[in-house]
Amino acid sequence: MQDRNLIGSEWISGSGEEIDVTNPATNEKIASVPNGGAAEARRAVTAATEALPEWRSRTAFDRGKILRRIANLMLERQEPLAELMTREQGKPLAEARGEIAYAASFIDWAAEEGKRLDGELLPASAENKRILVMRQPVGVTACITPWNFPSAMIARKLGPALACGCTMVVKPAEQTPLSAIALAEIALEAGLPPGVMNVVTGDAAAIGEELFSNPAVRKVSFTGSTEVGKILIKQSAQNVTRLSLELGGHAPFLVFDDADVKAAVAGAMASKYRNMGQTCVCPNRFYVQQGIYDEFVAGLTAAVEALRIGSGLEEGIEVGPLIDDPAIEKVERHVSDALEKGGKLRTGGKRAKVEGMADRFYMPTIVEDFTPDMTMACEETFGPVSPLRRFRHEDEAVEWANDSPYGLASYFYTRDASRLMRVAERLEYGIVGANDGTPSTAQAPFGGVKQSGIGREGGRYVMHEYTEIKYVSWGL
Ligand code: SIN
């Protein structure tokens, strides 16, 4: 497979400097990719600019056919793509397979949704006029994507951008560039014209600076931390570049006395421990009503202790390594801070030794009696740790849940239909899983409020992110 950057129709090495890609489970070097910077980003923007007129002039049906071929090829190659992802990212194979299918679903959805980009004819305020409203592609776009979902976070942006008639420069995370390159190879094979998708790996700061200072780039979509998102907001001021931002989260997970406890435990496990807790939407705070607390914590502990830890390449493994050393050190800091401040360790709380593997595995952990002064109560842990706290009544739980600068995902479990609607309306989050621990799906508007971001991805909503509205005042 390729390990170069795709610019137009060429696979290039750039300056010759390289970055190693290593397997986080073993520290083994699996490839090296170009350490691109401003020059490579500029070339990619030029390629995307040259490809734009032809691509945007095609019909949505034509673009949709190519996108569907990309999605189909991804599904045909699900196994090798998943294996590649597990090698560079560490997540268990079953999850990597799921991510390839999830990624393909965004491209497949966009292939269809592009056909539904319609306009309007509005009545004017003069008899001899009409107002025609049309939606046009934004133009050259770029995306900067994270390592936790190396394929899906690109597909979620690339699919709709291309379906709307835009071209794109993809800047994948340094840790996981291979999944992005593999996707670009598939795109070319599916018949995507050169320059419509370009991939530049390397120095995030240098590439980002070029993307924001280059006036040809009309939009950047970013998934990553709130900290970096704030820097990009400032950089976007130079050329008033449009932005979509999927930033950090600090999801609350509420379990009411009237919940189906088994379902709540299953939802908590799926949500919290997938990808070793390294997702922006995973719960960071569990609030459990006092009447049901003991039953919930017993169920959660049993499920957590049954998780199999090891190399993600081994079938049946459910917890792989964390992405790198700073990631596991952060988890350790959060847990020791919580224990120093009075939290009680229910299970886990230390590194797991896995024979023959790197020292980067952390035991799935539960900390009881967390309090708001603990670091894990306000900062994303991004690891397999569940902090639990008892609550007395609904108002208290909702107040605690909303007490955060973040507003990406939230979850709650109840069997009371009135409470379900009431709490869903009161939670200040872009995504609410009501009796559902895994709400993400291609047709829904994924995104956050407050410091969790700007814009929505998925469904018909994302198409607004890649189109501009224009009106023509038409004199008859
Ligand atoms: C994320 O954690 O950034 C994405 C998770 C998802 O799509 O479910």
Side-chain angles (χ1 to χ4, degrees), residues 74 85 89-92 94-110 143-160 170-173 175-176 179-180 183 221-229 232 243-253 267-284 320 322-323 327 330 379-385 406-411 429-434 436-459 461-462 465:
M74 289 174 78
M85 186 185 298
Q89 200 271 349
K91 68 176 63 182
E95 287 190 33
R97 288 184 191 116
E99 182 178 337
I100 296 300
Y102 182 48
S105 76
F106 285 108
I107 296 186
D108 190 54
W109 178 274
C143 70
I144 305 174
T145 55
W147 49 262
N148 60 345
F149 289 90
S151 198
M153 296 305 103
I154 297 173
R156 179 136 96 181
K157 301 169 193 309
L158 180 78
V170 176
K171 158 68 182 87
Q175 296 93 327
T176 57
S179 297
L183 179 53
S221 177
F222 169 72
T223 296
S225 71
T226 296
E227 196 188 346
V228 174
L232 302 191
L243 277 179
S244 293
L245 300 172
E246 298 294 346
L247 306 179
H250 203 270
F253 190 109
M269 292 302 296
S271 187
K272 175 71 235 187
Y273 294 98
R274 87 173 154 132
N275 205 6
M276 295 70 77
Q278 300 172 118
T279 80
C280 303
V281 290
C282 74
N284 274 263
L322 293 181
I323 188 71
K330 180 178 186 191
E379 269 179 37
E380 268 185 304
T381 302
F382 239 58
V385 181
Y406 298 105
L408 185 56
S410 57
Y411 306 85
Y429 289 83
I431 303 165
V432 178
D436 185 5
T438 49
S440 305
T441 180
Q443 63 272 44
F446 186 100
V449 300
K450 299 189 195 168
Q451 294 189 27
S452 287
I454 300 173
R456 293 292 179 272
E457 294 187 318
Y461 309 90
V462 70
E465 309 281 337

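When a ligand or atom number is given, it counts from 1 through the structure's own listing order.
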| query | Does E246 have any salt bridge (Lys or Arg N to Asp or Glu O under 4.0 Å) partners at least two apart in sequence or in another chain, and if so, which? | reply | none
| Would a distance-only check, ignoring hydrogens and angles, find a side-chain to backbone donor-acceptor pair under 3.5 Å from T226 to G248? | yes
| message | What I want to find out is whether E457 reaches K157 closely enough, with some N-O distance under 4.0 Å, to be called a salt bridge. | response | yes
| So which residues, sorted by chain and number, lie with a heavy atom under 4.0 Å of ligand 1? | Y102, N148, F149, M153, R156, R274, T279, C280, V281, S440, F446
| task | Give a yes or no answer on whether the side chain of R456 reaches the backbone of G448 with a donor-acceptor pair at less than 3.5 Å. | result | yes
| Which heavy-atom pair separates W147 from Q89 by the least distance, and what is that distance? | O-CG, 3.1 Å
| said: Would the distance check show the side chain of N275 and the main-chain N or O of G277 forming a donor-acceptor pair, the cut-off being under 3.5 Å? | reply: no
